[in-house]
Amino acid sequence: MVKEGIAGDDLLHPTNDGVEKSSAGDWVTNGDSVRSAEGQVTKLYTRRWFMVLLFSSYSLCNAFQWLQYGIISNIFMYYYNVDHIAIDWLSMSYMLVYIPLIFPVAWLLDTRGLRLIALIGSGLNCLGAWIKTGSARTDLFGVTLFGQLICATAQVFILGMPSRIASVWFSSNEVSTACSVGVFGNQLGVAVGFLLPPVLVPNIEDKDQLSYHISIMFYGTAAVASLLFVLVIFVFQNAPPLPPTLAQAAQHSSGDQYSYKLSILRLLKNRNFILLVVSYGLNTGVFYSLSTLLNRMVTTHYPGEEVNAGRIGLTITVAGMCGALITGFWLDKTKTYKQTTLGVYIFSMVGMLVFTFTLDLGYLWLVFITAGSLGFFMTGYLPLGFEFAAELTHPESEGTSSGLLNVSAQVFGLIFTSAQGEILEKFEVKYSNIFLCCFLAIGAIITAFIKSDLRRQRANQEMAHIGPVQCNADSHEVPALLRS
């Protein structure tokens with residue numbers, strides 16, 4: 001029999017051993033779980049960390065393939081005998097493919113769960129990598145484009161996963177850190193994408209030798225993607241046997257039929273979320289454009305410095321990974337989502353301005369410093385957006401909210417990359433970066449108007465205040481009181 005609530009003497013009271021227990025002896029909470037006399041409601045599993053790390057690993061591999069052309073764009077332009085627009089589209093394909101596919105993929109994530117999405121994402125990433133191994137010839141640009149389009153499709157099944165994995169597997173005090181770890185993998189892939197291609201593929205004139213070096217890069221990527229796909233097949237799980245939080249338990253036990261269409265409509269009516277969608281898209285779109293065109297920016301002022309262009313990109317990304325982890329820990333401790341997001345956004349704009357006006361001074365060491373400062377805040381902002389969206393939209397699916405954030409990022413990324421590329425061709429690098437700074441300023445202003453409506457935190461606090469309610473041992477059902 002299921003009780004509809006708790007009142008009076010049924011509230012939890014602390015015991016001498018640190019375990020909380022109801023006066024009726026029905027409930028015990030200790031460490032990572034909540035138990036009733038009839039069954040356990042929530043539990044944290046050690047394997048949760050392996051799930052998020054496995055996801056981060058194949059996300060890393062996919063992000064690496066995004067940048068493996070752009071950071072040595074001048075070499076691939078020479079090798080395939082194509083112009084800069086063709087090479088830019090190898091990176092922008094990731095942005096273009098995402099926009100029409102995210103809605104069906106988000107629907108699959110919400111209705112079929114994490115495992116199916118992980119299998120498709122890692123499988124397509126592996127397939128695209130192997131297709132590109134057959135494109136290491138000067139007349140096979142079409143094959144490398146096709147392989148890149150497959151990898152771009154895989155990305156659609158990857159970008160919306162971090163906040164969903166965090167929500168499904170982690171406690172309310174870990175979700176921001178777990179989401180940061182999930183995003184960390186993608187950022188690390190970007191870092192490796194900046195670092196390795198200039199090292200593996202040198203700027204030489206002998207196209208036969210270039211074919212050899214490009215083949216090494218492609219086959220190495222395919223081998224890693226294959227290993228990760230096999231691990232996903234045999235290891236990745238859809239969800240833990242018991243949910244990690246009472247909020248998740250309440251969602252699992254709800255008898256309401258899920259409607260993806262209604263969820264989208266509710267999100268579109270959420271003013272704070274829409275403001276975040278626009279501001280997140282502006283910031284992330286700037287990062288996409290900067291990453292895609294970094295080689296051209298650096299080599300314009302420092303000819304022949306392809307390797308250092310990659311190292312500058314690495315510096316941006318590694319600093320951003322540190323920023324992401326620090327902000328994740330900070331949010332789990334303070335829950336100051338609005339203040340932290342706004343502060344990081346403003347510092348991103350300031351960092352971009354400093355980077356812009358120091359790039360042409362002739363001091364490469366100074367560029368490394370300013371690029372690191374920019375990266376700490378700009379790429380450190382990425383998981384902040386996911387987690388702030390999850391707070392503003394609870395109990396809507398994290399896959400849906402993060403999907404809409406990423407659609408905005410891809411749209412602005414396409415616009416900014418195309419526009420900045422044209423400005424680079426016709427004007428100075430400085431003017432193309434000032435163009436981006438203007439939109440970062442707009443994004444910071446928009447962020448200031450977002451209200452800190454932390455619905456997920458409020459739901460968890462209300463449930464903690466009410467206290468766990470007795471559940472049916474077979475179904476682990478949470479009463480209607482907690483679902484209302």
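One-based numbering along the sequence shown. Nothing here was measured: the structure is a model prediction, and the numbers come from that model.
Within the structure, every pair that satisfies the ring-ring contact (aromatic ring centres under 6.0 Å, His included) test and touches residues 284-329, not counting sequence neighbours, is listed here: W66-Y288. Evaluation of the side-chain hydrogen bond (donor to acceptor under 3.5 Å, both in side chains) test over residues 193-206, restricted to residues two or more places apart or in two chains, returns N203-E306. Residue pairs meeting the side-chain hydrogen bond (donor to acceptor under 3.5 Å, both in side chains) criterion with at least one partner in residues 269-278, sequence neighbours excluded, do not occur; the list is empty.
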Check residues 218-226 and write down every donor-acceptor pair under 3.5 Å in which the side-chain atom is one partner and the other belongs to a residue at least two apart or another chain.
residue, atom, partner, partner atom, Å
T221, OG1, M217, O, 2.8
S226, OG, W130, NE1, 2.7
S226, OG, A222, O, 2.8

Exercise answer: donor-acceptor pairs, residues 311-320 side-chain atoms, under 3.5 Å, sequence neighbours excluded:
residue, atom, partner, partner atom, Å
R311, NH1, N308, OD1, 3.4
T315, OG1, R311, O, 2.8
T317, OG1, G313, O, 2.9

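Note: F76 and Y80 have parallel aromatic rings, judged against thresholds of 30 and 60 degrees for the angle between ring planes.
Side-chain contact of Y94 with Q155: a donor-acceptor pair under 3.5 Å is absent, judged by distance alone. Side chains of S93 and Q148: a donor-acceptor N/O pair is absent below 3.5 angstrom, by distance only.
Take T356 and apply the side chain to side chain contact (heavy atoms under 4.5 Å, CB included) test, not counting sequence neighbours, and it matches M352, K430, N433, I434, C437. Residues satisfying the side-chain hydrogen bond (donor to acceptor under 3.5 Å, both in side chains) criterion with Y79, sequence neighbours excluded, are S211. For K207, there are no salt bridge (charged side-chain N to carboxylate O under 4.0 Å, His left out) partners, not counting sequence neighbours. Residues that satisfy the salt bridge (charged side-chain N to carboxylate O under 4.0 Å, His left out) test with E425, not counting sequence neighbours, are R296. Listed by chain and number, the residues in a salt bridge (charged side-chain N to carboxylate O under 4.0 Å, His left out) with E305 amount to none (sequence neighbours excluded). Under the side chain to side chain contact (heavy atoms under 4.5 Å, CB included) criterion, I99 pairs with Q410, V411, L414, sequence neighbours left out. Residues passing the salt bridge (charged side-chain N to carboxylate O under 4.0 Å, His left out) test with R115, sequence neighbours excluded: none.
Between the side chain of S432 and the backbone N or O of V429 there is at least one donor-acceptor pair closer than 3.5 Å. Within the 3.5 Å criterion, the main-chain N or O of T379 finds a donor-acceptor partner in the side chain of Q187.
Contact annotation: the side chain of L424 never approaches that of H84 to less than 4.5 Å [non-hydrogen atoms, C-beta and beyond]. Inter-residue side-chain proximity for I450 and F273 is flagged as unmet; no heavy-atom pair is nearer than 4.5 Å.
To the nearest 0.5 angstrom, L282 atom CG is 10.5 Å from L436 atom CG. For the atom pair OH (Y45) and CZ (F170), the distance works out to 14.0 Å, reported to the nearest 0.5 Å.
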